[in-house]
Amino acid sequence: MGALLTRLESRLNRPDAPGNRLHGVVALAILLAATAAAARAADWLLPGVLLVLVATSLLAQRSLHDHVRAVADALQTGGLEAGRTAVSMIVGRNPAALDEAGVARAAIESLAENFSDGIAAPAFWLAVAGLPGAACYKAANTADSMIGHRTPRYETFGWGAARLDDVINLPASRLSALFIVLGAFATGASPSGAVRAVLRDAGGHRSPNAGWPEAAMAGALGLQLAGPRVYGEMLVDDAFMGDGRRDATGADIIRALRLYKTACAAQALLLLALVLIWPG
(Lines give C-alpha, C1' and ligand atoms only; values in the text may rest on other atoms or scores of the structure.)
Protein backbone atom coordinates (compact mmCIF):
# COMPACT_ATOMS: atom_id res chain seq x y z
CA MET A 1 0.00 0.00 0.00
CA GLY A 2 2.72 2.44 0.99
CA ALA A 3 4.89 1.65 -2.01
CA LEU A 4 2.02 2.11 -4.45
CA LEU A 5 0.97 5.40 -2.86
CA THR A 6 4.56 6.67 -2.96
CA ARG A 7 4.71 6.05 -6.71
CA LEU A 8 1.32 7.65 -7.28
CA GLU A 9 2.25 10.67 -5.21
CA SER A 10 5.52 11.22 -7.08
CA ARG A 11 3.67 11.12 -10.41
CA LEU A 12 0.49 13.02 -9.56
CA ASN A 13 1.24 15.49 -6.77
CA ARG A 14 1.64 19.00 -8.13
CA PRO A 15 1.27 21.31 -5.10
CA ASP A 16 0.95 24.48 -7.20
CA ALA A 17 -1.47 23.07 -9.78
CA PRO A 18 -5.08 24.29 -9.53
CA GLY A 19 -6.53 20.77 -9.81
CA ASN A 20 -4.20 19.11 -7.32
CA ARG A 21 -7.02 18.19 -4.94
CA LEU A 22 -8.52 16.07 -7.73
CA HIS A 23 -5.10 14.51 -8.38
CA GLY A 24 -5.07 13.34 -4.76
CA VAL A 25 -8.57 11.90 -5.03
CA VAL A 26 -7.54 9.99 -8.18
CA ALA A 27 -4.46 8.58 -6.43
CA LEU A 28 -6.61 7.52 -3.47
CA ALA A 29 -9.16 5.85 -5.77
CA ILE A 30 -6.41 3.88 -7.55
CA LEU A 31 -4.95 2.77 -4.19
CA LEU A 32 -8.35 1.62 -2.91
CA ALA A 33 -9.22 -0.19 -6.15
CA ALA A 34 -5.89 -2.05 -6.21
CA THR A 35 -6.24 -2.99 -2.54
CA ALA A 36 -9.81 -4.20 -2.97
CA ALA A 37 -8.83 -6.32 -5.99
CA ALA A 38 -5.92 -7.94 -4.13
CA ALA A 39 -8.08 -8.60 -1.06
CA ARG A 40 -10.89 -10.07 -3.16
CA ALA A 41 -8.39 -12.37 -4.92
CA ALA A 42 -7.08 -13.52 -1.52
CA ASP A 43 -10.68 -14.09 -0.42
CA TRP A 44 -11.21 -16.42 -3.38
CA LEU A 45 -7.87 -18.21 -3.47
CA LEU A 46 -6.61 -18.68 0.08
CA PRO A 47 -7.75 -21.55 2.31
CA GLY A 48 -9.52 -20.61 5.52
CA VAL A 49 -6.52 -20.72 7.90
CA LEU A 50 -4.30 -18.58 5.67
CA LEU A 51 -7.16 -16.16 5.11
CA VAL A 52 -7.53 -15.74 8.87
CA LEU A 53 -3.79 -15.02 9.14
CA VAL A 54 -4.01 -12.37 6.41
CA ALA A 55 -7.02 -10.77 8.10
CA THR A 56 -5.47 -10.70 11.57
CA SER A 57 -2.28 -9.15 10.16
CA LEU A 58 -4.37 -6.02 9.60
CA LEU A 59 -4.79 -5.61 13.38
CA ALA A 60 -1.85 -4.01 15.21
CA GLN A 61 -2.79 -5.15 18.72
CA ARG A 62 0.53 -6.62 19.90
CA SER A 63 2.70 -4.08 18.12
CA LEU A 64 0.87 -1.17 19.74
CA HIS A 65 1.18 -2.75 23.19
CA ASP A 66 4.92 -3.29 22.79
CA HIS A 67 5.65 0.24 21.56
CA VAL A 68 3.71 1.84 24.42
CA ARG A 69 5.18 -0.55 27.01
CA ALA A 70 8.64 0.50 25.78
CA VAL A 71 7.87 4.08 26.85
CA ALA A 72 6.91 2.96 30.37
CA ASP A 73 10.04 0.83 30.65
CA ALA A 74 12.23 3.68 29.38
CA LEU A 75 10.81 6.14 31.90
CA GLN A 76 11.18 3.71 34.78
CA THR A 77 14.73 2.58 33.96
CA GLY A 78 16.34 5.36 31.91
CA GLY A 79 14.56 8.53 33.02
CA LEU A 80 13.32 11.46 30.97
CA GLU A 81 15.73 11.30 28.01
CA ALA A 82 15.11 7.59 27.48
CA GLY A 83 11.37 8.21 27.72
CA ARG A 84 11.55 11.00 25.16
CA THR A 85 13.42 8.74 22.75
CA ALA A 86 10.90 5.91 23.17
CA VAL A 87 7.81 8.13 22.82
CA SER A 88 9.22 9.79 19.68
CA MET A 89 8.70 6.43 17.95
CA ILE A 90 4.91 6.59 18.36
CA VAL A 91 3.92 10.29 18.41
CA GLY A 92 4.51 13.21 16.06
CA ARG A 93 4.95 15.90 18.69
CA ASN A 94 8.27 17.45 19.71
CA PRO A 95 9.69 15.18 22.46
CA ALA A 96 12.07 17.91 23.63
CA ALA A 97 9.04 19.89 24.82
CA LEU A 98 7.84 17.04 27.07
CA ASP A 99 8.61 16.53 30.75
CA GLU A 100 8.16 13.07 32.31
CA ALA A 101 4.43 13.60 32.83
CA GLY A 102 4.13 14.84 29.24
CA VAL A 103 5.90 11.73 27.93
CA ALA A 104 3.54 9.48 29.90
CA ARG A 105 0.46 11.39 28.73
CA ALA A 106 1.65 11.26 25.10
CA ALA A 107 2.07 7.48 25.31
CA ILE A 108 -1.39 7.01 26.84
CA GLU A 109 -3.01 9.33 24.27
CA SER A 110 -1.30 7.42 21.45
CA LEU A 111 -2.48 4.12 22.95
CA ALA A 112 -6.09 5.33 23.09
CA GLU A 113 -6.15 6.83 19.60
CA ASN A 114 -4.39 3.88 17.98
CA PHE A 115 -6.68 1.42 19.73
CA SER A 116 -9.44 3.03 17.70
CA ASP A 117 -7.53 3.45 14.42
CA GLY A 118 -5.36 0.32 14.50
CA ILE A 119 -7.59 -2.28 16.12
CA ALA A 120 -11.25 -1.32 16.55
CA ALA A 121 -11.60 0.20 13.06
CA PRO A 122 -10.10 -2.65 10.97
CA ALA A 123 -12.03 -5.16 13.09
CA PHE A 124 -15.24 -3.19 12.46
CA TRP A 125 -14.71 -3.09 8.70
CA LEU A 126 -13.68 -6.76 8.70
CA ALA A 127 -16.99 -7.60 10.37
CA VAL A 128 -18.98 -5.37 8.00
CA ALA A 129 -17.29 -6.10 4.66
CA GLY A 130 -14.89 -9.01 5.12
CA LEU A 131 -11.24 -8.95 4.13
CA PRO A 132 -11.73 -6.35 1.33
CA GLY A 133 -13.36 -3.99 3.82
CA ALA A 134 -10.55 -4.31 6.35
CA ALA A 135 -7.86 -4.04 3.68
CA CYS A 136 -9.43 -0.93 2.13
CA TYR A 137 -9.69 0.60 5.59
CA LYS A 138 -5.96 0.02 6.14
CA ALA A 139 -5.20 1.48 2.73
CA ALA A 140 -7.19 4.64 3.49
CA ASN A 141 -5.62 4.91 6.95
CA THR A 142 -2.15 4.48 5.43
CA ALA A 143 -2.93 7.21 2.91
CA ASP A 144 -3.98 9.57 5.68
CA SER A 145 -0.78 8.91 7.64
CA MET A 146 1.37 9.48 4.55
CA ILE A 147 -0.29 12.39 2.75
CA GLY A 148 -3.11 13.65 4.96
CA HIS A 149 -1.04 16.48 6.45
CA ARG A 150 -1.57 20.23 6.36
CA THR A 151 1.83 21.00 4.88
CA PRO A 152 2.66 22.87 1.65
CA ARG A 153 3.38 19.55 -0.08
CA TYR A 154 0.19 17.74 0.97
CA GLU A 155 -2.37 20.45 1.81
CA THR A 156 -4.34 19.90 -1.41
CA PHE A 157 -3.13 16.47 -2.56
CA GLY A 158 -3.94 14.81 0.77
CA TRP A 159 -7.33 16.48 1.24
CA GLY A 160 -9.34 13.45 0.09
CA ALA A 161 -7.31 11.02 2.22
CA ALA A 162 -7.80 13.13 5.35
CA ARG A 163 -11.54 13.54 4.82
CA LEU A 164 -12.09 9.85 4.05
CA ASP A 165 -10.12 8.82 7.14
CA ASP A 166 -12.37 10.99 9.31
CA VAL A 167 -15.49 9.34 7.90
CA ILE A 168 -14.40 5.70 8.05
CA ASN A 169 -13.09 6.03 11.61
CA LEU A 170 -16.32 7.49 12.97
CA PRO A 171 -18.04 4.18 13.93
CA ALA A 172 -14.95 2.61 15.49
CA SER A 173 -14.06 5.67 17.54
CA ARG A 174 -17.41 5.43 19.30
CA LEU A 175 -17.08 1.66 19.69
CA SER A 176 -13.54 1.99 21.09
CA ALA A 177 -14.85 4.33 23.80
CA LEU A 178 -17.50 1.73 24.63
CA PHE A 179 -14.89 -1.04 24.85
CA ILE A 180 -12.76 1.10 27.18
CA VAL A 181 -15.79 1.68 29.41
CA LEU A 182 -16.46 -2.08 29.48
CA GLY A 183 -12.80 -2.79 30.14
CA ALA A 184 -12.84 -0.42 33.10
CA PHE A 185 -15.25 -2.73 34.93
CA ALA A 186 -12.65 -5.52 34.97
CA THR A 187 -9.49 -3.53 35.76
CA GLY A 188 -10.39 -1.42 38.77
CA ALA A 189 -10.66 1.71 36.63
CA SER A 190 -13.70 3.98 36.65
CA PRO A 191 -16.44 3.17 34.12
CA SER A 192 -18.54 6.11 35.31
CA GLY A 193 -15.57 8.45 35.00
CA ALA A 194 -15.01 7.24 31.45
CA VAL A 195 -18.65 7.82 30.52
CA ARG A 196 -18.66 11.32 32.06
CA ALA A 197 -15.47 12.32 30.25
CA VAL A 198 -16.76 11.06 26.90
CA LEU A 199 -20.09 12.86 27.21
CA ARG A 200 -18.47 16.09 28.39
CA ASP A 201 -15.18 16.27 26.46
CA ALA A 202 -15.05 14.05 23.35
CA GLY A 203 -16.81 16.54 21.10
CA GLY A 204 -14.35 19.29 22.00
CA HIS A 205 -11.32 17.49 20.56
CA ARG A 206 -9.90 18.97 17.36
CA SER A 207 -10.26 15.52 15.78
CA PRO A 208 -13.82 14.30 15.16
CA ASN A 209 -12.78 10.82 16.30
CA ALA A 210 -9.72 10.83 18.57
CA GLY A 211 -11.53 12.52 21.43
CA TRP A 212 -13.77 9.52 22.06
CA PRO A 213 -11.14 6.93 23.07
CA GLU A 214 -8.89 9.59 24.63
CA ALA A 215 -11.68 10.96 26.81
CA ALA A 216 -12.75 7.43 27.80
CA MET A 217 -9.17 6.51 28.74
CA ALA A 218 -8.66 9.75 30.67
CA GLY A 219 -11.89 9.39 32.63
CA ALA A 220 -11.32 5.71 33.38
CA LEU A 221 -7.81 6.34 34.74
CA GLY A 222 -8.56 9.61 36.56
CA LEU A 223 -6.20 11.58 34.33
CA GLN A 224 -6.42 14.71 32.19
CA LEU A 225 -5.11 14.12 28.68
CA ALA A 226 -4.74 16.15 25.48
CA GLY A 227 -4.76 19.95 25.83
CA PRO A 228 -2.14 22.20 24.15
CA ARG A 229 0.71 20.23 22.52
CA VAL A 230 3.83 21.10 20.52
CA TYR A 231 4.33 19.55 17.07
CA GLY A 232 7.73 20.52 15.70
CA GLU A 233 7.95 24.20 16.58
CA MET A 234 4.17 24.79 16.43
CA LEU A 235 1.91 24.92 19.47
CA VAL A 236 -1.42 23.23 18.72
CA ASP A 237 -4.23 24.26 21.05
CA ASP A 238 -6.70 21.52 21.91
CA ALA A 239 -9.34 20.79 24.52
CA PHE A 240 -8.56 18.79 27.63
CA MET A 241 -9.93 15.26 27.90
CA GLY A 242 -10.89 14.32 31.47
CA ASP A 243 -10.60 16.39 34.64
CA GLY A 244 -8.16 14.29 36.67
CA ARG A 245 -4.49 14.84 37.41
CA ARG A 246 -1.94 15.91 34.80
CA ASP A 247 1.10 14.34 36.47
CA ALA A 248 0.94 10.99 34.69
CA THR A 249 3.72 8.47 35.31
CA GLY A 250 5.14 5.28 33.90
CA ALA A 251 2.87 3.41 36.32
CA ASP A 252 -0.13 5.09 34.68
CA ILE A 253 1.04 3.79 31.29
CA ILE A 254 1.01 0.27 32.74
CA ARG A 255 -2.54 0.88 34.04
CA ALA A 256 -3.56 2.14 30.61
CA LEU A 257 -2.09 -0.96 28.96
CA ARG A 258 -4.04 -3.20 31.34
CA LEU A 259 -7.21 -1.35 30.41
CA TYR A 260 -6.30 -1.53 26.73
CA LYS A 261 -5.87 -5.32 26.83
CA THR A 262 -9.21 -5.71 28.57
CA ALA A 263 -10.87 -3.44 25.99
CA CYS A 264 -9.37 -5.62 23.23
CA ALA A 265 -10.85 -8.67 24.97
CA ALA A 266 -14.27 -6.98 25.09
CA GLN A 267 -14.06 -6.35 21.36
CA ALA A 268 -13.06 -9.97 20.69
CA LEU A 269 -16.00 -11.25 22.74
CA LEU A 270 -18.39 -9.03 20.80
CA LEU A 271 -17.02 -10.32 17.48
CA LEU A 272 -17.31 -13.92 18.71
CA ALA A 273 -20.92 -13.28 19.70
CA LEU A 274 -21.66 -11.89 16.25
CA VAL A 275 -20.13 -14.97 14.64
CA LEU A 276 -22.26 -17.26 16.79
CA ILE A 277 -25.41 -15.26 16.07
CA TRP A 278 -24.77 -14.86 12.32
CA PRO A 279 -22.47 -17.76 11.36
CA GLY A 280 -22.95 -17.04 7.66
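For clarity, every value in this text was computed on a predicted model and none was experimentally measured. Positions are given from 1 along the sequence.
- Looking at heavy atoms from C-beta onward, Thr187 lies out of side-chain contact with Lys261 at the 4.5 angstrom threshold.
- What you find for Ile168 and Pro171 is that their closest heavy atoms are O-CD, 3.7 Å.
- Side chain of Asp238 to backbone of Arg206: a donor-acceptor contact under 3.5 angstrom is found.
- A distance-only check finds a donor-acceptor pair linking the side chain of Asp201 to the backbone of Gly242 [under 3.5 Å].
- Pro95 places none of its side-chain heavy atoms less than 4.5 Å from the side chain of Val103.
- Side-chain N or O atoms of Ser110 include none that pairs as donor or acceptor with a backbone N or O of Ala106 at under 3.5 Å.
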Legend entry - Stepwise side-chain contact (heavy atoms from CB on, under 4.5 Å) test for Met217 and Leu111: CA-CA 9 Å; Met217 186 71 76; Leu111 176 67; 4.2 Å; yes
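- The residues Asp252 and Arg245 are annotated as salt-bridged, a charged nitrogen and a carboxylate oxygen being separated by less than 4.0 angstrom.
- Within the model, atoms CG of Leu259 and CG of Leu221 stand 5.5 Å from one another, a figure rounded to the nearest 0.5 Å.
- Surrounding NE2 of His149 are more than 12 heavy atoms belonging to other residues, nucleotides or ligands, all under 6.0 Å away.
- You'll find the side chain of Arg105 stays beyond 4.5 Å of the side chain of Leu223, heavy atoms only.
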Legend entry - Verdict with supporting geometry, Met241 and Gln224, side-chain contact (heavy atoms from CB on, under 4.5 Å): CA-CA 6 Å; Met241 301 290 111; Gln224 188 179 66; over 6 Å; no
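- Rounding to the nearest 0.5 angstrom, the gap separating the CG atom in Leu64 from the CD atom in Glu113 is 10.5 Å.
- Annotation: side chain of Tyr154 is not in contact with side chain of Arg150 (no heavy-atom distance under 4.5 Å).
- Cluster annotation: Leu182 is connected to Leu257 through the hydrophobic network of ILVMFWY side chains, with a link wherever side-chain heavy atoms come within less than 4.5 Å.
- Classification of Glu109 and Arg93 as a salt-bridged pair holds, one side-chain N sitting under 4.0 Å from a carboxylate O.
- Note: Leu269 CG to Cys264 SG = 11.5 Å, rounded to the nearest 0.5 Å.
- The backbone N or O of Leu12 sits less than 3.5 Å from a side-chain atom of His23, completing a donor-acceptor pair.
- Proximity of a side-chain donor or acceptor of Tyr260 to a complementary backbone N or O of Gln61 within less than 3.5 Å is detected.
- Considering Ser116, Ser173, Ser176 as possible partners of Asn209, the one that fulfils the side chain to side chain donor-acceptor pair (under 3.5 Å) test is Ser173.
- With hydrophobic clusters built from ILVMFWY side chains whose heavy atoms lie under 4.5 angstrom apart, Leu175 does not share a cluster with Leu170.
- A salt bridge between Glu9 and Arg153 is present, with a side-chain N of the basic residue lying under 4.0 Å from a carboxylate O of the acidic one.
- Phe240 places a side-chain heavy atom less than 4.5 Å from the side chain of Pro228.
- Annotation: the span from Met1 atom CE to Ser145 atom OG amounts to 11.0 Å, rounded to 0.5 Å.
- With contacts defined as side-chain heavy-atom distances shorter than 4.5 Å, the pair Thr85/Glu81 does not qualify.
- Residues Leu164 and Asp144 are not in side-chain contact: their nearest non-hydrogen atoms beyond the backbone lie 4.5 Å or more apart.
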Legend entry - Intermediate values then yes/no, side-chain contact (heavy atoms from CB on, under 4.5 Å), Thr151 and Glu155: CA-CA 5 Å; Thr151 63; Glu155 177 76 32; over 6 Å; no
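- Between Leu270 and Phe179 there is a side-chain heavy-atom pair separated by less than 4.5 Å.
- Both Leu31 and Ile147 are part of a single hydrophobic cluster, where members link through side-chain heavy atoms under 4.5 Å apart.
- With salt bridges taken as basic N to acidic carboxylate O contacts below 4.0 Å, none links Asp66 and Arg69.
- For the atom pair CZ (Phe124) and CD (Gln267), the distance works out to 11.0 Å, reported to the nearest 0.5 Å.
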Legend entry - side-chain contact (heavy atoms from CB on, under 4.5 Å) between Val26 and Leu8, intermediate numbers included: CA-CA 9 Å; Val26 170; Leu8 290 168; over 6 Å; no
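- When all heavy atoms of Leu75 and Gly83 are compared, the closest pair comes out as CD2-CA, 4.0 Å.
- In plain terms, the two heavy atoms of Asp99 and Leu80 that are nearest each other are C-CD1, 3.6 Å.
- For Ala143 against Leu5, the heavy-atom pair with the smallest separation is CA-CD2, 3.5 Å.
- For CZ of Arg200, the number of neighbouring non-hydrogen atoms (other residues, nucleotides, ligands) closer than 6.0 Å is greater than 12.
- Side chain of Trp159 to main chain of Gly148: no donor-acceptor pair is present (N/O by atom type, distance under 3.5 Å, no hydrogens or angles).
- Criterion: ILVMFWY side-chain heavy atoms under 4.5 Å apart, direct or through other members. Under it, Phe157 and Met146 are part of a common hydrophobic cluster.
- Here the closest non-hydrogen pair linking Ala42 and Leu131 is CB-CD2, 3.9 Å.
- Tyr137 and Asn169 form a side-chain donor-acceptor contact under 3.5 Å, judged by distance and modelled atom types alone.
- In this structure a side-chain-to-backbone donor-acceptor pair under 3.5 Å is missing from Arg21 to Gly160.
- Side chain of Asn20 to backbone of Arg14: a donor-acceptor contact under 3.5 angstrom is found.
- One finds the CG atom of Leu225 at 7.5 Å from the CZ atom of Arg246 (value rounded to the nearest 0.5 Å).
- In terms of heavy atoms, Ala107 sits closest to Val87 at N-CG2, 4.0 Å.
- Residues Ile180 and Leu178 share a single hydrophobic cluster, defined by chaining ILVMFWY side chains whose heavy atoms lie under 4.5 Å apart.
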